[in-house]
Each structure stands twice: as structure tokens, then as C-alpha cells.
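Values below: all heavy atoms of this structure, side chains included; hydrogens, waters and symmetry mates excluded.
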Amino acid sequence: MRLINRMRLAFDALPENESFARVALSAFTVSMNPTMDVLSDLRTAVSEAVTNAIVHAYKEEGGTIEMDAAIREDGVLLLSVCDQ
């Protein structure tokens with residue numbers, strides 16, 4: 001399936017960047033015209049994934065979190081949040 005839009009972010013694994021990730025994804029999905037319920041669920045999923053990476057993957061050492069999102073032509077949102 002063809003992608004019609006894509007974004008990639010890399011940011012430090014800091015607690016304050018959890019809100020940045022939520023806002024970035026929210027802005028990216030505006031073109032999909034999500035309902036408030038869907039947007040809330042997406043923000044929660046990103047928040048949980050980023051927080052998990054900060055707390056469990058890096059602990060005190062720090063590191064980088066990468067977030068990729070893409071919108072397919074059929075309206076499906078693909079999202080990944082990765083740590084090392």
C-alpha cells in the first residue's frame with residue numbers, strides 16, 4: 001500500500017520529551033481528521049511507549065528514542081516507537 005505522508009523523529013530519552021512526542025503525533029495526524037476519542041487513544045499509546053523506553057530501556061544512562069509515523073493511502077496510520 002502506498003504511503004501518502006511520513007515523519008521520523010529522534011529525540012533524547014528525557015521525561016520532558018514524552019509530551020513532545022504526543023504533540024508531534026497529534027500534529028501529524030491532523031490531515032486524517034481524527035475524532036477526539038481516536039486522538040486521545042493515539043496520544044495515550046505514544047505516551048506509554050515513550051515512557052516505557054525512558055524508564056525501562058535507558059534508566060539513568062539516557063539514549064535516543066526514534067518515532068516513525070506514516071499514513072497509508074487507505075487511511076491507516078502506521079506508528080513505531082523504538083529504543084536501543
**Request:** Go through Met36 and Val38 one step at a time and tell me if the side-chain contact (heavy atoms from CB on, under 4.5 Å) criterion holds.
**Result:** CA-CA 6 Å; Met36 291 305 291; Val38 168; over 6 Å; no
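Between Tyr58 and Asp83 the shortest side-chain heavy-atom distance falls below 4.5 Å. Using a 4.5 Å heavy-atom cutoff, the side chains of Ile4 and Arg72 are not in contact. You'll find the side chain of Asp68 reaches within 4.5 Å of the side chain of Arg6, heavy atoms only. Under the 4.5 Å side-chain criterion, counting only non-hydrogen atoms from C-beta, Glu66 is not in contact with Leu9. Between Ser26 and Leu39, some side-chain heavy-atom pair lies under the 4.5 Å cut-off.
For the atom pair CG (Asn52) and CD1 (Ile65), the distance works out to 9.5 Å, reported to the nearest 0.5 Å. Put simply, CE on Met67 and CZ on Phe28 are 9.5 Å apart, with the number rounded to the nearest 0.5 Å. Between atom CD1 of residue Ile54 and atom CG of residue Asn17 there is a gap of 7.0 Å, rounded to the nearest 0.5 Å. Within the model, atoms CE of Met7 and OG1 of Thr29 stand 8.5 Å from one another, a figure rounded to the nearest 0.5 Å. Separation of atoms CZ (Arg8) and SG (Cys82) is listed at 9.0 Å; rounding is to 0.5 Å. Distance check: Phe20 CZ to Leu14 CG gives 12.0 Å after rounding to the nearest 0.5 Å.
If you check the side chains of Glu18 and Ser47, you find a donor sitting under 3.5 Å from an acceptor.
Within a 6.0 Å sphere centred on CD of Gln84, other residues, nucleotides and ligands contribute 12 heavy atoms or fewer.
Checked by atom type and distance alone, the side chain of Asp74 pairs as donor or acceptor with a backbone atom of Val76 at under 3.5 Å.
Follow the hydrophobic side-chain contacts under 4.5 Å out from Met32 and you reach Val46 in the same cluster.
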